[in-house]
Amino acid sequence: MLKDCSCGELNKGHVGTSVNLAGWVDRRRDHGGLTFIDLRDSEGIVQVVFNPKVTESYHQITSEVRNEYVIQVTGEVAIRPPGTENTKLATGEIEVIARSVKILNTSKTPPFYINEDIEVDESLRLKYRYLDLRRARMQEILVLRHQVVKFIRDFLNERGFIEVETPILIKSTPEGARDYLVPSRIHPGKFYALPQSPQQIKQLLMVAGVGKYYQIAKCFRDEDTRADRQPEFTQLDLEISFVEEEDILNLMEKMFTSMVEILKPEMRLIKPFPRLSYADAMESYGIDRPDLRFGLEISDLSDIAAGTDFSVFRSAIDQGGRVKGICAPGCGNYTRTQLDELNRLVRGWGAEGLLTISLGDSAGSLEDLTMEMIKSVATRFLTLEQILEMARRLDASAGDLLLIVAGKLELVSTVLGELRQEMGLRLELTDPDLLAFTFIVDFPLLAHDEKTGRFEPMHHPFTAPKDDDILLLDNAPEKVHGRHYDLVCNGLEIAGGSIRIHTPELQRKVFRLLGYTDEEMEELFGHMLEAFEYGAPPHGGIAPGIDRIVMLLAGEKTIREVIAFPKTQNAVDLTFSAPSPVSHQQLTELHLNIVEEQ
RNA sequence: GGCCCCGUGGUGUAGCGGACUAACAUGCCACCCUGUCACGGUGGAGAUCAGGGGUUCGAAUCCCCUCGGGGUCGCCA
């Protein structure tokens, strides 16, 4: 080794010893006759003192060395002179008196600061990701991510799980996300697909008699990116045979609570994780992944609205729609501009409009409110009693603002769900140190697709229907609930899983409901159906997204921050400039021709 | 594919129709400095204001297009 200890690990115990250090120049302070260099390696920073009386070739070294130069230092660890300790530095009680120095490599001036935590243009960071990752913040995140994965492995290993690697080159199966395809050289015109998840393979492992499987698995989906979505991402994929819902949920609750308590003790959890049915989540939060760090729940006001003279309410209800609302506490004093902005947002989400009712501009009791204190465009169509009834239903007080949307149920829910999230942010109710995990259960098995007129799986086609609902598969498939569960945290879907189908009969029945012919079933899923013929055990699992978990624990806003080399919104890797053209020879070998786009 | 936001020395920002010959901080270069730690001091270099087109007597500033980055809807079994 070019070093016999790390910069960050030095302490008073090393005083008097001679050490070899190697690292990057974090900063240099040249006093003419005396120079300090903060030397940085992956473990931390230590101050090295260069003294012309002690350090060989002092003048040459200090005039040449610049930030980010890679140097090797031999010297004595010494206690710092009294009064010159630096409490901001972990190694601030000591310093290294350099005897000799060697420049291992020079460095151009970096395109952005390595030694300061300053926000830099993201595309520049991504182009020079290897420099970006050198920064302390990114080093912390790399370590945290490692700790999370290590925690997961330890936790599952202790419980009898084994990690099994599964292929990256597999078969394209339809629906779901768009596949990334890999052309076959050996089989002209045929393609492998990269796994969207190892779903089918892990089920085959269950048939193979692996009782408890897991894998830190790369997954690939050729869909547009988001702050929490990348073309390739990492899942903890796990599957257990002879398992039931309760086992999986308990395992996950234990894993995530222990993980947070050990790795991020400063963050708070709500225990036990609350459980919400899909229907209740949609009803109260307008979304199947609610942020439960705050309330602002949605309530149905349809019955009250039906009794009013307000035509917007009446016509929505006459057309089978609903009137629902939320209460924004303390927002009764919102200005016209602020209210207009909320209206614009709501229209942007597809609603006809937003009815705002201001319950006065100062806090107090509902009972003291008079019609004169209430501000709303609808005041002349509503009685004081009707307004108070809505306010009570929304758990509002004087000084609050009621936000009400009328229309078709689905739209009203979605819009209020968005508005709720927006108000949660504006009112700063989204405490970054709180992790509000919640399980969402009782999903419908299928969703009806308006465009194709077909049923689509809510989760995936291998999810088992609830036993009590199996008879409904024949005549009312839309009413069937699946044995599917999600884990949600702070408005993010953290994990999704289910108890799977394990008999060929039921699997065929579900495929048929999804519109597959017998021939398609055999061609696309024959391997699964056949496997189920050979004593497939009941089994189920779940797949938490590693990137999203680390993002939450790191307090970051995008998963790009917790991925070493992420892609841009356009799915481009700026470090490598991928994707890139390939040679004609490569294309020929793969039996491919490029068609020029218009 | 739709909607929205952003693009000014290396970096981060200011400037938002005329006083811009583009400001500030930091970084960079040179010189000075033996106890600093975001060291300090003096001096200096560094910007086709993302690119193109237009409006105007005059554009970093207004409009259009393109490119790049981001957010989001669609999409994500």
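Quick note: numbers below take in every heavy atom, side chains included, and nothing from hydrogens, waters or symmetry partners. Proteins come first, then strands; the chains are lettered A, B, ... in the order of their sequence lines, and each starts at number 1.
Across the P atoms, B:C6 and B:C63 are found 11 Å apart, a figure rounded to whole Å. B:C39 and B:C28 have their P atoms separated by 10 Å, given to the nearest Å. B:U8 and B:A59 are spaced 14 Å apart, taking the C1' atom of each and rounding to whole Å. One P atom belongs to B:A38, the other to B:U26, and the distance between them is 14 Å to the nearest Å. Going from the C1' atom of B:G15 to that of B:G9 covers 15 Å, rounded to whole Å.
Checked against B:G70, B:G35, B:C37, the side chain of A:His31 finds its nearest nucleotide in B:G35. Taking the side chain of A:Arg29 as heavy atoms from C-beta on, and the options B:C37, B:G35, B:G69, the nearest nucleotide is B:C37. Here the side chain of A:Arg27 is nearest to one of B:C37, B:A38, B:G70, namely B:A38. In the set B:U11, B:G71, B:U36, the nucleotide with an atom closest to the side chain of A:Arg80 is B:U36.
For A:Asp222 and B:G74, the CG to C1' distance is 15 Å, given to the nearest whole Å. Taking atom NE2 of A:His59 as the reference point, atom P of B:U34 lies 10 Å away to the nearest angstrom. In this structure, CD of A:Glu561 is placed 14 Å from C1' of B:G69, rounded to the nearest angstrom. Atom CD in A:Glu85 sits about 18 Å away from atom P in B:C39, given to the nearest Å. Distance, A:Asp38 CG to B:U36 C1': 9 Å, rounded to whole Å. Atom C1' of nucleotide B:G69 and atom NZ of A:Lys567 are separated by 17 Å, given to the nearest angstrom. We find that CH2 of A:Trp349 is positioned 17 Å from C1' of B:G74, with the value rounded to whole Å.
A:Glu478 CD: more than 12 foreign heavy atoms inside a 6.0 Å radius. Around the NZ atom of A:Lys466, the shell of radius 6.0 Å holds more than 12 heavy atoms that belong to other residues, nucleotides or ligands.
Taking A:Phe220 as the reference, nothing meets the ring-ring contact (aromatic ring centres under 6.0 Å, His included) condition, with sequence neighbours excluded.
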Could you list all N or O pairs between the protein and nucleotides 75-77 of chain B that sit under 3.5 Å apart?
| from | atom 1 | to | atom 2 | distance (Å) |
| --- | --- | --- | --- | --- |
| B:C75 | OP1 | A:Lys451 | NZ | 3.0 |
| B:C75 | O2' | A:Glu223 | OE1 | 2.4 |
| B:C75 | O2' | A:Glu223 | OE2 | 3.4 |
| B:C75 | O2 | A:Arg229 | NH2 | 2.9 |
| B:C75 | N3 | A:Arg229 | NH1 | 3.2 |
| B:C75 | N3 | A:Arg229 | NH2 | 3.1 |
| B:C75 | N4 | A:Arg229 | NH1 | 3.4 |
| B:C76 | O2 | A:Arg229 | NE | 3.4 |
| B:C76 | O2 | A:Arg229 | NH1 | 3.0 |
| B:C76 | N3 | A:Arg229 | NH1 | 3.3 |
| B:A77 | OP2 | A:Arg221 | NH1 | 3.2 |
| B:A77 | O4' | A:Gly176 | N | 2.5 |
| B:A77 | O3' | A:Pro457 | O | 3.3 |
| B:A77 | O2' | A:Pro457 | O | 3.4 |
| B:A77 | O2' | A:His459 | O | 2.1 |
| B:A77 | O2' | A:His460 | N | 3.4 |
| B:A77 | N3 | A:His459 | O | 3.4 |

Atom pairs under 3.5 Å, N or O on each side, protein against nucleotides 25-32 of chain B: can you list them with distances?
| from | atom 1 | to | atom 2 | distance (Å) |
| --- | --- | --- | --- | --- |
| B:U26 | O2' | A:Tyr113 | OH | 2.5 |
| B:U26 | O2 | A:Tyr113 | OH | 3.0 |
| B:G27 | O4' | A:Tyr113 | OH | 3.4 |
| B:C29 | OP1 | A:Arg66 | NE | 2.8 |
| B:A30 | OP2 | A:Arg66 | NH2 | 3.3 |

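Side-chain nitrogen and oxygen atoms of A:Thr568 include at least one within less than 4.0 Å of the OP1 or OP2 phosphate oxygen of B:G69. Applying the 4.0 Å criterion to OP1 and OP2 of B:A38, one finds that A:Lys88 has a side-chain N or O inside that range.
Listed for the A:Lys509 side chain is no donor-acceptor partner under 3.5 Å among the backbone atoms of A:Leu473.
For A:Arg135 and A:Glu140, the salt-bridge test fails: no basic side-chain N is under 4.0 Å from an acidic carboxylate O.
The aromatic ring of A:Phe112 is not stacked on the base of B:U11, since the criterion of ring centres less than 5.5 Å apart with planes inclined by under 30° is not met.
Note on ring orientation: taking the six-membered ring where Trp is involved, the planes of A:Phe443 and A:Tyr278 are tilted (angle from 30° to 60°).
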